[in-house]
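Below is one structure, written out as structure tokens; comments come after it.
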Amino acid sequence: MDHGLSRGSWLPVTGMVICLLLCGCVVDLVLAQIRYSIPEELEHGAFVGNIAEDLGLDVAKLSARRFRIVSGAKRQYLEVNLENGILFVNEKIDREELCERRPSCFLHLQVVIENPLELYRVEVEILDVNDNSPSFPWSEFNLDITESAAPGSCFPLESAQDQDVGTNSLRSYQLSANAHFILNIQTRNDGSKFAELVLDTPLDREQQKKHEMVLTAFDGGSPERSGTALITVTVLDANDNVPVFDRSVYRASLVENAPRGTLVLKLNATDLDEGSNGEVTYAFSGHAPLKVRELFSVDPYTGEIRVKGVVDYEKSSVYELYVQAKDRGPSAVAVHSKVLVDILDVNDNAPEVILTSVSTPVQEDAPPGTVIAVISVMDRDSEENGNVDCQIPNNVPFQLHSSFKNYYTLVTSEFLDREAVSEYNITITARDLGSPSLSTRKTILVQVSDINDNPPRFSQPSYTVYVTENNAPGASICSVTAFDPDSNQNAYLSYSILEGQIQGMPVSTYVSINSDNGNIYALRSFDYEQLRNFQILVNVTVNVFVLDQNDNAPVIISPLPKNGTMATEVVPRSVDAGYLVTKITALDADAGQNSRLSYQLLQATDPGLFSVALYTGEIRTIRRLVEKDATRQRLVILVKDNGQPPLSGTVSIILTVVDSVPESLSDFGDLTLSPKPPSNLALYLIVSLSTISLIFLVAIIVLISSAAKVPTNCMEANGNSSLSQSYCYKVCLTPESAKSDFMFLKPIIFLKSISYFEPGMSQNELRWMLI
């Protein structure tokens with residue numbers, strides 16, 4: 001594959017595409033690895049591989065499954081076309097910038113897709129191309145060599161540098177033709193090469209003072225690249241002793257990140273000459289790499305090698321320093337030695353935590369083992385300092401599972417409960433095994449989404465409501481309140497009354513409920529005398545008690561008038577004081593204090609002759625009757641209840657004083673006023689009540705047959721029953737009801753009075769009797 005590479009075909013210059021698929025499974029996550037190889041310096045859009053096809057993915061679903069690539073590099077060198085699944089070059093890759101001189105160079109990618117969550121590791125090997133020529137640090141080198149130098153003497157030369165690696169790196173040197181020198185090519189421990197100039201035949205300063213040669217460095221690429229430098233050798237007069245190092249190779253250890261100025265070691269070379277010919281100076285050899293010169297320094301007088309820059313074990317674990325020593329005499333000859341500096345790793349890099357994919361929120365009913373996040377960790381240190389362990393707190397319902405090395409999945413360990421904890425801040429702690437240990441913390445916010453797993457609960461186990469009778473239809477009588485610990489729509493409550501009956505009628509004809517807020521409304525006016533309590537079920541029991549109201553007046557049941565006349569009683573003249581003449585009996589349909597009756601003598605022909613017991617209604621004589629007492633005594637008795645306000649009724653009684661009890665009480669001639677002749681009032685009442693009852697029955701039948709046509713406003717039909725009561729039938733709407741209900745409201749009791757005259761009453765006096 002060249003810059004217009006086709007898949008599956010690589011030119012020799014650019015290498016071959018290698019695809020290796022490794023599949024594994026952890027929990028519900030599919031993990032696999034795939035590898036590609038591409039040359040550096042490809043243009044934007046260059047084909048890398050059909051990653052969708054190689055992973056067996058459906059191209060049409062890449063966007064829906066949120067297919068994405070996560071790279072640890074600072075730049076997004078590669079990208080995927082979601083329309084065809086092709087991995088292509090997004091930005092030109094410079095291998096030397098990305099990996100420096102490391103023998104192998106990889107881009108590590110992570111492919112993440114969701115629904116279900118899958119993770120793939122992709123390694124893209126960046127192959128070196130021969131895009132850098134060897135180059136010397138200087139274009140011209142000057143060497144001073146004494147004419148007494150023996151054949152075979154070696155003189156190190158400045159090394160050429162080639163940023164390429166492998167076969168494209170520096171391969172060899174070549175020296176132009178000359179009469180005295182040849183090249184000796186050496187190889188360092190890291191495989192790099194350097195050249196030494198070797199004196200092949202003796203020099204004669206008197207014959208030639210200077211020699212010029214061209215040194216050429218070649219790399220192994222195709223096509224081959226090269227670089228040149230001019231070597232100028234100046235022949236000096238002889239200095240017959242040269243310095244000698246005490247060691248041919250020095251070795252020292254140095255911890256990384258050592259402070260600047262740290263002493264690495266001290267060189268020691270001696271010269272047997274005297275004076276300036278015996279004074280030794282130290283320096284780096286000409287072929288010492290530039291990077292070495294940036295990191296270390298050599299004191300020219302003491303030979304101390306000290307740290308000059310930042311030494312990083314992660315960049316190089318060993319450095320080769322080439323040093324020289326020469327005296328200060330004329331025609332000084334340099335001698336050379338090698339220093340190996342081993343860099344000791346320290347735990348100076350904290351682990352890095354990378355969240356590859358986070359799936360949040362998670363439903364509270366998600367089964368244990370559901371994948372929440374995919375996490376990768378890395379530590380640039382080596383050995384134990386680079387081994388990382390990840391942990392999360394023990395008090396959360398989550399676990400970390402390790403898949404590949406330094407890859408983890410965060411999964412649920414049990415079912416979640418949003419009502420208990422709605423979100424979790426999970427702190428992931430990545431700690432290396434170095435000493436002292438370094439750690440990194442990263443927090444993941446996991447939100448728990450709600451499901452409808454909680455029934456509504458009422459604020460109390462049951463409700464007790466007290467409603468005074470004769471309440472207004474449509475008024476609120478109470479409110480029930482429930483709560484649901486779920487959220488949003490799952491917590492929205494709708495109230496309704498369960499079906500049931502009250503006195504044979506559907507409960508919906510008595511009450512209704514607001515489905516939104518739980519307010520309960522009465523659809524009819526309650527009558528304590530007919531309905532004292534009932535129950536409503538709204539998934540909770542509501543006990544409704546009707547409270548009595550003083551809405552019934554006392555009703556006299558004895559003595560009763562006969563044939564349209566007042567009640568009469570006979571009193572023997574011979575009775576003593578305290579004689580029980582008669583007893584007034586009355587009833588009140590109310591309850592409690594509203595039905596407690598008291599009796600009072602309202603009017604009497606002779607107030608001093610008779611008395612009425614306050615609570616029993618017994619009429620007794622106060623004294624013995626005498627001759628002058630009238631033979632006809634009229635009493636008006638007031639019967640009153642104890643309600644607020646009190647209601648009352650009256651009854652009139654004619655008492656006849658006789659010497660002995662007569663068989664007939666038809667003679668009323670002694671009264672002041674003659675009674676009114678009997679009328680046909682009773683007959684009229686019977687006929688009218690019968691007629692109204694018949695009309696009432698027909699109206700009920702008509703209403704039932706046409707219930708659907710009943711209007712939504714109120715309608716009344718009044719009639720008198722045989723008990724002289726009026727019934728009102730209404731169709732009413734509650735504030736929240738959208739339908740009409742036909743209701744039987746309580747009978748409304750009217751006091752029907754009959755006017756009459758009694759003997760002894762004036763024409764303008766009007767008496768009322770409750771019937």
Side-chain angles (χ1 to χ4, degrees), residues 40 74 94-105 126 128 130-139 141 156-166 168-173 185-196 215 217-220 225 227 229 249-265 267 282-300 303-324 334 336-346 348-349 380-382:
E40 63 173 332
K74 297 180 180 179
D94 185 351
R95 185 190 185 283
E96 289 72 38
E97 177 185 351
L98 182 65
C99 300
E100 297 184 352
R101 293 186 55 79
R102 288 198 294 268
S104 59
C105 182
I126 308 302
D128 185 51
N130 194 23
D131 57 344
N132 292 282
S133 299
S135 62
F136 290 94
W138 297 283
S139 60
F141 302 137
L157 300 174
E158 292 286 346
S159 297
Q161 304 293 326
D162 193 328
Q163 298 299 320
D164 295 321
V165 296
N168 296 325
S169 64
L170 181 67
R171 187 190 64 181
S172 64
Y173 293 90
I185 301 174
Q186 301 284 339
T187 303
R188 299 187 182 96
N189 292 340
D190 61 359
S192 61
K193 299 181 183 298
F194 66 93
E196 292 179 335
L215 178 64
F218 297 95
D219 63 21
R225 290 176 177 264
V249 176
Y250 291 86
R251 194 165 201 124
S253 296
L254 178 69
V255 295
E256 68 171 325
N257 302 321
R260 287 180 173 86
T262 300
L263 178 65
V264 180
L265 58 81
L267 302 173
Y282 303 91
F284 282 115
S285 296
H287 53 270
L290 180 62
K291 181 171 290 187
V292 169
R293 299 172 187 266
E294 293 173 349
L295 296 178
F296 301 96
S297 65
V298 178
D299 189 291
E304 292 178 346
I305 299 177
R306 295 184 178 273
V307 176
K308 179 182 178 182
V310 178
V311 181
D312 190 351
Y313 175 87
E314 285 69 44
K315 291 186 177 179
S316 179
S317 61
V318 63
Y319 290 93
E320 293 184 24
L321 284 65
Y322 292 89
V323 295
Q324 69 179 22
H336 304 272
S337 182
K338 181 168 69 172
V339 179
L340 297 177
V341 181
D342 296 313
I343 307 302
L344 304 179
D345 184 38
V346 297
D348 60 339
N349 291 286
R380 298 177 58 203
D381 294 319
S382 63

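Everything numeric in this text was worked out from a predicted model, so none of it was measured. By convention here, the first residue in the shown sequence is residue 1.
- In this structure the side chain of Y319 reaches within 4.5 angstrom of the side chain of V311, judged on heavy atoms.
- Between S317 atom OG and D312 atom CG the span is 11.0 Å, to the nearest 0.5 Å.
- Contact annotation: the side chain of E320 approaches that of N189 to within less than 4.5 Å [non-hydrogen atoms, C-beta and beyond].
- Applying the side-chain contact (heavy atoms from CB on, under 4.5 Å) test to C105 and every residue at least two apart in sequence or in another chain returns R95, L98, C99, I126.
- A heavy-atom distance below 4.5 Å is not found between the side chains of L170 and D219.
- Partners of D342 according to the side-chain contact (heavy atoms from CB on, under 4.5 Å) rule, which considers only residues two or more places apart in sequence or in another chain, are R251, S253, V318.
- To the nearest 0.5 Å, atom CD of residue E196 and atom OG of residue S159 are 9.5 Å apart.
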Please evaluate residues L290 and Q161 with respect to the criterion side-chain contact (heavy atoms from CB on, under 4.5 Å), reporting the C-alpha separation (whole Å), side-chain torsions for both, the decisive distance (0.1 Å), and the verdict. CA-CA 9 Å; L290 180 62; Q161 304 293 326; 5.8 Å; no
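- A distance of 6.5 Å separates NZ of K291 from NZ of K315, quoted to the nearest 0.5 Å.
- Evaluation of the side-chain contact (heavy atoms from CB on, under 4.5 Å) rule for S285 yields H287, Y322, Q324, H336 as partners, not counting sequence neighbours.
- Shortest non-hydrogen contact noted between F136 and G227 is CE1-O, 3.4 Å.
- Here D299 contributes atom CG and L267 contributes atom CG; the two are 10.0 Å apart, rounded to the nearest 0.5 Å.
- Counting only heavy atoms from C-beta outward, the side chains of S337 and Y250 approach each other to under 4.5 Å.
- In this structure, OH on Y282 lies 10.5 Å from CD1 on I305, to the nearest 0.5 angstrom.
- Inter-residue side-chain proximity for I343 and S316 is flagged as unmet; no heavy-atom pair is nearer than 4.5 Å.
- Residues forming a side-chain contact (heavy atoms from CB on, under 4.5 Å) with N132 (at least two apart in sequence, or on another chain): E96, D162, Q163, D164.
- With sequence neighbours left out, the salt bridge (Lys or Arg N to Asp or Glu O under 4.0 Å) criterion links R225 to no other residue.
- A distance of 4.0 Å separates CD in E40 from CG in D131, rounded to the nearest 0.5 Å.
- Of all the heavy atoms in K308 and S297, the pair that sits closest is CB-N, 4.1 Å.
- The nearest pair of heavy atoms linking F284 to L321 is CE2-CD2, 3.9 Å.
- Counting only heavy atoms from C-beta outward, the side chains of V310 and N257 approach each other to under 4.5 Å.
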Trace of the side-chain contact (heavy atoms from CB on, under 4.5 Å) decision for K193 with T187: CA-CA 4 Å; K193 299 181 183 298; T187 303; 3.3 Å; yes
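- Between T262 and P259, the shortest heavy-atom distance links the atoms OG1-O, 2.6 Å.
- Side-chain contact check for L263 versus R306: some heavy-atom pair is nearer than 4.5 Å.
- Y173 is linked by a side chain to side chain donor-acceptor pair (under 3.5 Å) to nothing, counting only residues two or more places apart in sequence or in another chain.
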